[in-house]
Participant: 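The structure follows.
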Amino acid sequence: MPMEKTFNPAEAEARISKLWLEAKVGAAGANARPGAEAFSIMIPPPNVTGSLHMGHAFNNTLQDILIRWHRMQGHDTLWQPGTDHAGIATQMVTEREMAKAGNITRREMGREAFTLKVWEQKKKSRGTIIGQLQRLGASCDWDREAFTMSGAPGAPAGEEGNFHDAVIKVFVDMYNKGLIYRGKRLVNWDPHFETAISDLEVENIEVKGHMWHFKYRLAGGETYEYVEKDAEGNVTFRETRDYISIATTRPETMLGDGAVAVHPSDERYAPIVGKMVHLPLCDRLIPIITDEYPDPTFGSGAVKITGAHDFNDYQVAKRAGLPMYRLMDTQGKMRADGAPYEVAVARAREIAAGSPTDENEVDSLNLVPEKYRGLDRFEARKLVVADINAAGLAVTVMVSEIDPETHSEHLRLVPVVEDKPIMQPHGDRSKVVIEPMLTDQWFVDTAKIVEPALEAVRSGRTKIMPESGEKTYFHWLENIEPWCISRQLWWGHQIPVWYGPKLVDGQLVLSETTSFCAADQIAAQSDALDYYPCDAYLVADREAYAKAIAELPAKMAAGETWSVPIYRDPDVLDTWFSSGLWPIGTLGWPEQTPELQRYFPTSVLVTGFDIIFFWVARMMMMQLAVVDDIPFHTVYLHGLVRDAKGKKMSKSLGNVVDPLEVIDEYGADALRFANAAMASLGGVLKFDPQRIAGYRNFGTKLWNACRFAEMNGVWEGHSTQAQAPKATATANRWIIGETARAASEVQQALTEFRFDFAADTLYKFVWGKVCDWYVEFAKPLFDSPDAAETRATMAWVLDQSMILLHPFMPFLTEDLWGQTGTRAKLLVHTDWPTLGDLADAAADQEMAFVTGLIEEIRSARAQVHVPAGLKIDLVAISLSPEARAAWERNEALIRRLARIEGFSEGAAPKGAITLGAPGATFAIPLAGLIDIAEEKARLKKSLDKLGKEIGGLKGRLNNPNFAVSAPEEVVEEAKSNLAAREDEAAKLEAAMTRLAEIG
RNA sequence: GGGCGGUUAGCUCAGCGGUAGAGCACUACGUUGACAUCGUAGUGGCCACUGGUUCGAUCCCAGUACCGCCCACCA
């Protein structure tokens, strides 16, 4: 059956995809030579939140190119696929879907039932993602598909695996090594999801804010002289004050202030340091303290200190030993729990006066006055400002106003409220304002594990490219902060820690807790049994635990038999804690599997620039901490895919491009080739559909070259040949050399991860060399004695084209492969060529003469408007022996491609166009056809260009310093260049003279 | 505020010491034993600016301007 006129992606992709899947072409080790080196890539696992976007298509195209390239080279390859449970994001998507469907909420449903819902979401999204990857042509080992929560308790059937075991084991090991700790710290709190998040999950966004100025009055009605001086020490302002002025952008937090801080060197406030001020609206006194933190030149120089709601204040409060009163609940509302305000504030006064307390009591005290309790933090802000203004405690300024009715001017005091852009932290998922919140959380002590991760890159054991990524990596790791890994979510790996009452000197202390970190509940209970002098039993949660503990003393007193309750930490781990283990976890660790031995450390990680801290740095730290080895040898970082104008693709802008739609319209190969061509190092990747269309056309071009070959019997009896055929015809020798050159350039480019160079090389070779020239050369050769050799050459050249293009355009090339000759193997498993240098200098030179001459003739014809269909004559004015030989061997070709009728040798006729070629001068007699003026213009243009070049070369050669300083070969090159240009110019001058004779 | 990158043809980008490149777009013409998803020929650049190094700079160095991205606690 003859070939179709064009490649049909829709039909072929489905057919070939099925073929590959059934043959398991991507299985680990498929097509590996015995004893072959390993090459492995772990897919960056997509989140099971939905479907893949263009960034994924780009990222996975590059990985597939690498994997296919290595697999064809006979290496032992593994491309490990899988997905990420993506805790917060997937929980969010599931809740949103539930809300859309009008179902009950997560809390109404309960943890266990909700988790099952998320597993359903996972299943759905996973199916979409795998389908998309397969449509893109990704040749992963699909039988090894992994999931970051496989094997977790409560996982439905079909979700077996041991990733969960690996995660838990790492946690337990790190806990035992003291690399993980729990503590009450100020963390970024997301009031929407009601969970802590890490620093990296916070986006600072500039918003319009305000700065308010409040007066905190000195206790006991005291006053002081407030004096401002200029740089020379001259007094510029002086007044008697009974207050200190503070500024804030977050007035509602003043309810939790523990002090006012001033810089120790700030003379303005020296008289009142150590004194107490009234905290407005709160019936509390707080001290004026000194700390290095306040900047005396900013605002009033005095800062209110709210240790529980600001990261700077937290540090100051810790240094000064101030109590940190938490004001808000998990939803960012002003607290409404605990004792009435009067009771709480009375206790706070006692504590301020020196009454002993502890962290837990301070946290339990609700110092929010009754009228603000339960208000949203932004509502509370408005009310606090209004109340302060009403109390006359706002710093004010005198303004003059014109009464609109009486037109009389009068002065009025108004509170100072500055409009001020402020950087406000937002949750990267929830988009709500993040609240610094004092809570108990788990942390990885990153300082203890960061050094090997830095060293591995410094020493080059792991290479990050481009180099700028390396700098970013160092900068972040050198300034690493503790990593908060606990999340108050339901979807994720539950922290393997159980709590029970503490034993001090053999005595149970019910008010305190101790922890048991163990791989599972049975192990935890066993640890508890070893620890307690009695039995221990598991209770459902913290509330049940508190109830059981409360009942214990009575039981003990009554002499009943009793045992202690323990409960499990309800929190789950940050998603990145588990994705941080992706390289070893997917290979079966902690089991010492053959795959782990074979494919770890992995060869390359291909991922986006944006994820270097979240994932790359953490994988480095975690793998080195857990198995004491680097996770990958090379990290290839790429930019983010944007729309054609460089705008970020977002649903709200409506410029999101779905990769499946692109594949439907242009085919997967066109998208893939465009991705490769765009993959220059660094920068933004602009997605332009026109470019995709261009590469679709490129595929058609190759297709039609193969179709042309088919029409000429090239494929009859053809079977795959690794070695180039022996050829005598110049064109055949030339294209064989060009093919080998392209192959080695592609090899070099891919070795250096220059996908763009590789794509460019292939495009230019297939279109510019094979289709533009070789196919044309072959036409006359098919009618010559060299026909058989030409068929063999063309078959070989096109085979090589398919092989070299296969990693980039797998569907089209596999389809062609199957339609063209007898194939021992699928193309996906065909040997990658190692051709060496097959260039034939003589053939190259001769073909350069031929193509040059043809282009000259065509150009001349077009410029003097010779009708395209008209055949013309050619006269050789002079021919060197080499040029004569080249002419004679290629006459048929040149005649055909340049539309030449008669050929003669002799003197240049009058009224002719003159053309130069290496070692030869030709003329086209066009009496009657030629437009003298136009031809003169053409010659003049050429002469002008030559003149410029000759001028430049002469200038250089006449510069005495050039000959002295420049390398000899550069000088020689300039000389021979000059000679060639001058020769050419002389020919054109002669032509000009002849032209002048007739016109 | 700190760090990193960019500025080359109308657009998107390569190049990076020795005569400026590609694709797309544009213009003209379409004859050829595959291809109109095509062919042939063309138009189009003070390589951001200012200095320096060099025989020679788009390329190296310094500075300036503008544009990105990342990080950052000025209340």
Side-chain angles (χ1 to χ4, degrees), chain A residues 3 5-7 199 204 211 246-250 261 293-295 297-306 310-315 422-423 425 436 466 468-469 471-472 475-476 479 609-610 612-613 639-640 644-646 666 670 677-678 680 682-684 686 688 690-691 693-712 756-757 760 763-764 768 771-772 775-776 778-780 782-783 855 858-863 865 867-871 896-897 899 945 948-953 955-956 959-967 970-971 973-974 977 981:
Chain A
M3 284 173 70
K5 217 169 167 183
T6 56
F7 175 61
D199 303 352
N204 289 304
M211 191 148 79
I246 60 93
T248 181
T249 55
R250 305 206 41 205
Y293 163 60
D295 175 0
T297 65
F298 184 84
S300 70
V303 183
K304 65 189 260 317
I305 301 299
T306 319
D310 183 283
F311 285 97
N312 291 312
D313 293 7
Y314 177 72
Q315 296 300 332
I422 51 174
M423 290 301 268
S468 59
K471 289 180 186 167
T472 312
H475 184 79
W476 191 69
N479 298 286
F609 230 112
D610 54 327
I612 182 164
F613 307 136
L640 267 45
K645 294 190 191 101
Y666 302 101
M678 283 199 301
S680 59
V684 165
K686 287 174 189 158
D688 184 355
Q690 278 192 316
R691 233 179 138 170
Y695 294 127
R696 186 248 346 246
N697 299 353
F698 172 63
T700 308
K701 193 75 183 172
L702 175 68
W703 181 272
N704 276 292
C706 292
R707 186 161 159 262
F708 168 79
E710 183 197 43
M711 290 169 167
N712 287 281
D756 52 338
F757 287 2
D760 192 51
Y763 188 93
K764 284 179 174 147
C771 294
D772 284 353
V775 166
E776 295 304 328
K779 286 172 185 173
F782 282 141
D783 295 332
E855 279 174 343
R858 282 172 172 170
S859 179
R861 290 175 59 121
Q863 281 181 55
H865 304 304
L870 187 68
K871 291 201 171 185
R896 178 192 192 94
L897 295 178
R899 312 282 298 158
K945 201 179 160 215
K948 242 175 94 181
E949 287 177 23
I950 289 167
L953 287 163
R956 254 202 280 166
N959 181 342
N961 287 326
F962 176 65
V964 177
S965 312
V970 172
V971 178
E973 198 192 331
N977 248 332
R981 299 295 123 149

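So that the names make sense, note that chain A is the first sequence line, chain B the second, and so on, each numbered from 1. Values below: all heavy atoms of this structure, side chains included; hydrogens, waters and symmetry mates excluded. The structure displayed is predicted, hence computed values, not measured ones.
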Participant: Does a side-chain N or O of A:K686 approach OP1 or OP2 of B:rC11 to a distance below 4.0 Å, or not?
Facilitator: no

Participant: It should be established whether A:R858 places a side-chain nitrogen or oxygen under 4.0 Å from OP1 or OP2 of nucleotide B:rC29.
Facilitator: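 The answer is no; no side-chain N or O of A:R858 sits under 4.0 Å from OP1 or OP2.
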
Participant: Counting Watson-Crick and G-U wobble pairs with both distances under 3.5 Å, what is the dot-bracket string for RNA chain B, 5' to 3', using [ ] for crossing pairs and | for pairs to another strand?
Facilitator: (((((((..((((....[..)))).(((((.......))))).....(((((..]....))))))))))))....

Participant: Donor-acceptor pair, A:S965 side chain versus A:N961 backbone, under 3.5 Å?
Facilitator: yes

Participant: Could you tell me whether A:N977 contacts a base, only the sugar-phosphate backbone, or nothing, with contacts defined as non-hydrogen atoms closer than 4.0 Å?
Facilitator: base

Participant: Check every strand shown and say whether A:Y763 touches a base, only sugar-phosphate, or nothing at a heavy-atom separation below 4.0 Å.
Facilitator: sugar-phosphate

Participant: For a quick check of understanding: with a heavy-atom distance under 4.0 Å over all strands, which category does A:R861 fall into, base, sugar-phosphate or nothing?
Facilitator: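 A:R861: no heavy atom of the nucleic acid under 4.0 Å.
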
Participant: What string of B, S and - do you get for nucleotides 70-75 of chain B, 5' to 3', when a contact is any protein heavy atom under 4.0 Å?
Facilitator: S-BBBB

Participant: Between the base of B:rU37 and the side chain of A:R696, is there a donor and acceptor pair under 3.5 angstrom?
Facilitator: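 Indeed, a donor on one side and an acceptor on the other fall under 3.5 Å apart.
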
Participant: Which is true for A:E949 with a 4.0 Å heavy-atom rule: it touches a base, it touches only sugar-phosphate, or it touches nothing?
Facilitator: base

Participant: What class does the angle between the rings of A:Y695 and A:Y763 fall in, given that below 30° is parallel, 30 to 60° is tilted and above 60° is perpendicular?
Facilitator: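 Correct class here is perpendicular.
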
Participant: Both A:A677 and A:A860 contact RNA chain B. Which one's nearest nucleotide lies toward the 5' end?
Facilitator: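 Closest to the 5' end, via its nearest nucleotide, is A:A677.
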
Participant: Would one find a side-chain N or O of A:S965 under 4.0 angstrom from OP1 or OP2 of B:rG56?
Facilitator: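 False: A:S965 side-chain N/O out of range (4.0 Å or more) of B:rG56 OP1/OP2.
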
Participant: Quick one: is B:rA34 close enough that its OP1 or OP2 comes under 4.0 Å of any side-chain N or O from A:K5?
Facilitator: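 No.
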
Participant: Nearest nucleotide by nearest heavy atom, which residue falls closer to the 5' end of RNA chain B, A:G869 or A:Y695?
Facilitator: A:Y695

